[in-house]
Student: 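First, the structure itself, so that you have it in front of you.
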Amino acid sequence: MLERIAEIIREQLNADGIAITMDTSFEKDLEADSLDLFELVMTLEDEYGVEIPSEELEQLTTVGAVVKYLQDKGVEE
């Protein structure tokens, strides 16, 4: 799952060539702003068929947090 999410992040945030790990921070490492994150969440929702409420976005600060969130929602690779 990490590999596919990293691919989506690279596409959405124009982050080619950046190593994306579970510890990668959207704000610190990828310099994503709120609009970037909103668009990323919309893409992830479409990709994995889940809804991520906006009030839960604050908790999703790293790639690992997103992976765990999706796994907790029953998403499997």
Side-chain angles (χ1 to χ4, degrees):
M1 180 181 293
L2 173 61
E3 200 159 305
R4 177 62 185 136
I5 290 176
E7 185 179 306
I8 292 169
I9 290 168
R10 284 189 191 98
E11 290 172 14
Q12 288 290 135
L13 302 180
N14 296 318
D16 290 339
I18 295 176
I20 296 177
T21 68
M22 295 289 270
D23 295 324
T24 301
S25 165
F26 292 108
E27 288 184 29
K28 292 177 185 170
D29 299 321
L30 301 173
E31 299 177 359
D33 62 21
S34 58
L35 180 59
D36 292 330
L37 294 176
F38 180 76
E39 291 174 350
L40 177 61
V41 164
M42 288 179 38
T43 302
L44 291 171
E45 287 177 336
D46 290 344
E47 176 78 16
Y48 292 104
V50 298
E51 186 174 327
I52 304 172
S54 56
E55 59 269 10
E56 294 186 19
L57 289 179
E58 296 172 5
Q59 302 164 12
L60 305 178
T61 59
T62 65
V63 174
V66 171
V67 170
K68 182 175 180 342
Y69 181 88
L70 292 172
Q71 289 172 334
D72 290 347
K73 293 291 183 183
V75 174
E76 296 180 21
E77 191 159 358

Student: For a quick test of reading the model, state the closest non-hydrogen atom pair linking Leu13 to Ala32 and the distance between them.
Tutor: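 Nearest pair, atom of Leu13 first, then Ala32: CD1-CB, 4.1 Å.
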Student: Give the intermediate values and the outcome of side-chain contact (heavy atoms from CB on, under 4.5 Å) for residues Ile5 and Leu70.
Tutor: CA-CA 10 Å; Ile5 290 176; Leu70 292 172; 3.7 Å; yes
Student: Is there a side-chain contact between Ile52 and Leu60 in this structure, where contact means two heavy atoms from C-beta onward sitting under 4.5 Å apart?
Tutor: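 Yes; the side chains approach each other to less than 4.5 Å.
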Student: Is there any salt bridge (charged side-chain N to carboxylate O under 4.0 Å, His left out) pair reaching into residues 27-46, and which pairs are they, with sequence neighbours excluded?
Tutor: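 Matches after skipping sequence neighbours: none remain.
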Student: Mind listing the closest non-hydrogen atom pair of Thr24 and Ala19 along with its distance?
Tutor: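 Closest pair (atom of Thr24, atom of Ala19, distance): OG1-O, 3.8 Å.
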Student: Rounded to the nearest 0.5 Å, how far does CG of Leu57 lie from OH of Tyr69?
Tutor: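 Rounded to the nearest 0.5 Å, the OH-CG separation comes to 8.5 Å.
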Student: When you look at CD of Glu55, are more than 12 heavy atoms from neighbouring residues, nucleotides or ligands closer to it than 6.0 Å?
Tutor: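 Yes.
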Student: Decide side-chain contact (heavy atoms from CB on, under 4.5 Å) for Phe26 and Leu40; before the verdict, give the C-alpha distance in whole Å, the side-chain angles of both, and the deciding distance to 0.1 Å.
Tutor: CA-CA 10 Å; Phe26 292 108; Leu40 177 61; 3.5 Å; yes
Student: If I take atom CG from residue Leu2 and atom OG1 from residue Thr21, how far apart are they, to the nearest 0.5 angstrom?
Tutor: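 If we round to the nearest 0.5 Å, Leu2:CG and Thr21:OG1 are 7.5 Å apart.
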Student: So Ile8 and Leu44, side-chain contact (heavy atoms from CB on, under 4.5 Å) or not? Walk me through it.
Tutor: CA-CA 8 Å; Ile8 292 169; Leu44 291 171; 3.9 Å; yes
Student: Count the heavy atoms belonging to other residues, nucleotides or ligands that lie under 6.0 Å from CE of Met22, then report whether that count exceeds 12.
Tutor: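 Enclosed.
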Student: Any Lys/Arg nitrogen of Glu47 or Arg4 sitting under 4.0 Å from an Asp/Glu carboxylate oxygen of the other?
Tutor: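 Looking at Glu47 and Arg4, the cut-off is met.
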Student: Rounded to the nearest 0.5 Å, how far does NZ of Lys68 lie from CD of Gln59?
Tutor: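 The CD atom of Gln59 sits 10.5 Å away from the NZ atom of Lys68.
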Student: Say you draw a straight line from OH of Tyr48 to CD of Glu76; how long is it, rounded to the nearest 0.5 Å?
Tutor: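 It is 12.0 Å, given to the nearest 0.5 Å.
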Student: Linking I/L/V/M/F/W/Y whenever any side-chain heavy atoms sit under 4.5 Å apart, do Leu37 and Val50 land together?
Tutor: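 Yes, Leu37 and Val50 fall within the same hydrophobic cluster.
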Student: Can a donor-acceptor pair be found, under 3.5 Å and without considering hydrogens, that links the side chain of Arg10 to the backbone of Ile18?
Tutor: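 It does hold such a pair.
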Student: Which atom pair, heavy atoms only, marks the closest approach of Ala6 to Ile20?
Tutor: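 Closest approach of Ala6 to Ile20: O-CD1, 3.7 Å.
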